[in-house]
S.K.: 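I am attaching a structure below and will ask some questions about it afterwards.
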Amino acid sequence: MTGLYRSAKLNVQQLLTFRRVYELGGYTAAASDSGLSVATIWQHIRAVERAYEVQLFRKVGRKIEATPAAAKLTEAIDTILVDLESTFDVIGDAS
């Protein structure tokens, strides 16, 4: 049951934000792409880092660099997020 409690600290939007920062390589780019503020992007990343107890990005000058943990997390959640998005098609087809 411990895993259920740990995952309760996360929400889908935070994971989507993490993936977008990873793909675009920065908070500002992710904010621009998503319509969220940079502060909100930063809060989402911090929440994901706290939940997994790892650093996902490190500052390199004025830019950020993904850590190996970020690469592993991206790989792990991609299928989950794609499957979640496909539920809208499944339910739409059923109505």
S.K.: May I have all residue pairs that pass salt bridge (Lys or Arg N to Asp or Glu O under 4.0 Å) and include part of residues 38-47, sequence neighbours excluded?
M.R.: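 Counting only pairs at least two positions apart or across chains, the salt bridge (Lys or Arg N to Asp or Glu O under 4.0 Å) contacts touching residues 38-47 are R46-E49.
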S.K.: Please step through side-chain contact (heavy atoms from CB on, under 4.5 Å) for the pair V48 and L73, ending with a clear verdict.
M.R.: CA-CA 10 Å; V48 176; L73 181 57; 3.8 Å; yes
S.K.: Is it the case that one hydrophobic cluster holds both V54 and I45, taking links as side-chain heavy atoms less than 4.5 Å apart, direct or via other members?
M.R.: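 As far as the 4.5 Å side-chain criterion goes, I45 and V54 are connected within one cluster.
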S.K.: Test of understanding: with ring-ring contact (aromatic ring centres under 6.0 Å, His included), list the residues that count as partners of F57, not counting sequence neighbours.
M.R.: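 Result, ring-ring contact (aromatic ring centres under 6.0 Å, His included) vs F57: F18.
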S.K.: How close do A31 and S37 get, heavy atom to heavy atom, and via which atoms?
M.R.: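 Looking at all heavy atoms of both residues, the closest pair is CB-C, 3.9 Å.
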S.K.: Between the side chain of Q14 and the main-chain N/O of N11, is any donor-acceptor distance below 3.5 Å?
M.R.: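 At least one qualifying donor-acceptor pair exists.
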S.K.: Drop me the distance from D33's CG to E23's CD, to the nearest 0.5 angstrom.
M.R.: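 Result: 8.5 Å between the selected atoms.
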S.K.: Could you tell me the separation between the OG1 atom of T28 and the CD1 atom of I41, rounded to the nearest 0.5 Å?
M.R.: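 Answer for the OG1-CD1 pair, T28 versus I41, is 9.5 Å.
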S.K.: Side-chain heavy atoms under 4.5 angstrom apart, residues restricted to Ile, Leu, Val, Met, Phe, Trp, Tyr: same cluster for L36 and L24?
M.R.: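 Result: no, two separate clusters.
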S.K.: Can you name the residues that form a side chain to side chain donor-acceptor pair (under 3.5 Å) with R58, not counting sequence neighbours?
M.R.: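 Result, side chain to side chain donor-acceptor pair (under 3.5 Å) vs R58: E65.
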S.K.: How long is the straight-line distance from NZ of K72 back to CD1 of I77, given to the nearest 0.5 Å?
M.R.: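 It is 15.0 Å, given to the nearest 0.5 Å.
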S.K.: Find the distance between OH (Y22) and CD1 (I64) and round it off to the nearest 0.5 Å.
M.R.: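 Answer for the OH-CD1 pair, Y22 versus I64, is 11.0 Å.
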S.K.: Can you measure from OG1 (T79) to CG (L84) and round to the nearest 0.5 angstrom?
M.R.: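 Answer rounded to 0.5 Å: 12.5 Å.
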S.K.: Can you tell me how far apart CZ (R50) and CG (L10) are? Round to the nearest 0.5 Å.
M.R.: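 So the gap between those two atoms works out to 10.0 Å.
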S.K.: Where is the tightest heavy-atom contact between H44 and Q13, given as atom of each residue plus distance?
M.R.: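 Residues H44 and Q13, closest heavy atoms: CE1-CG, 3.3 Å.
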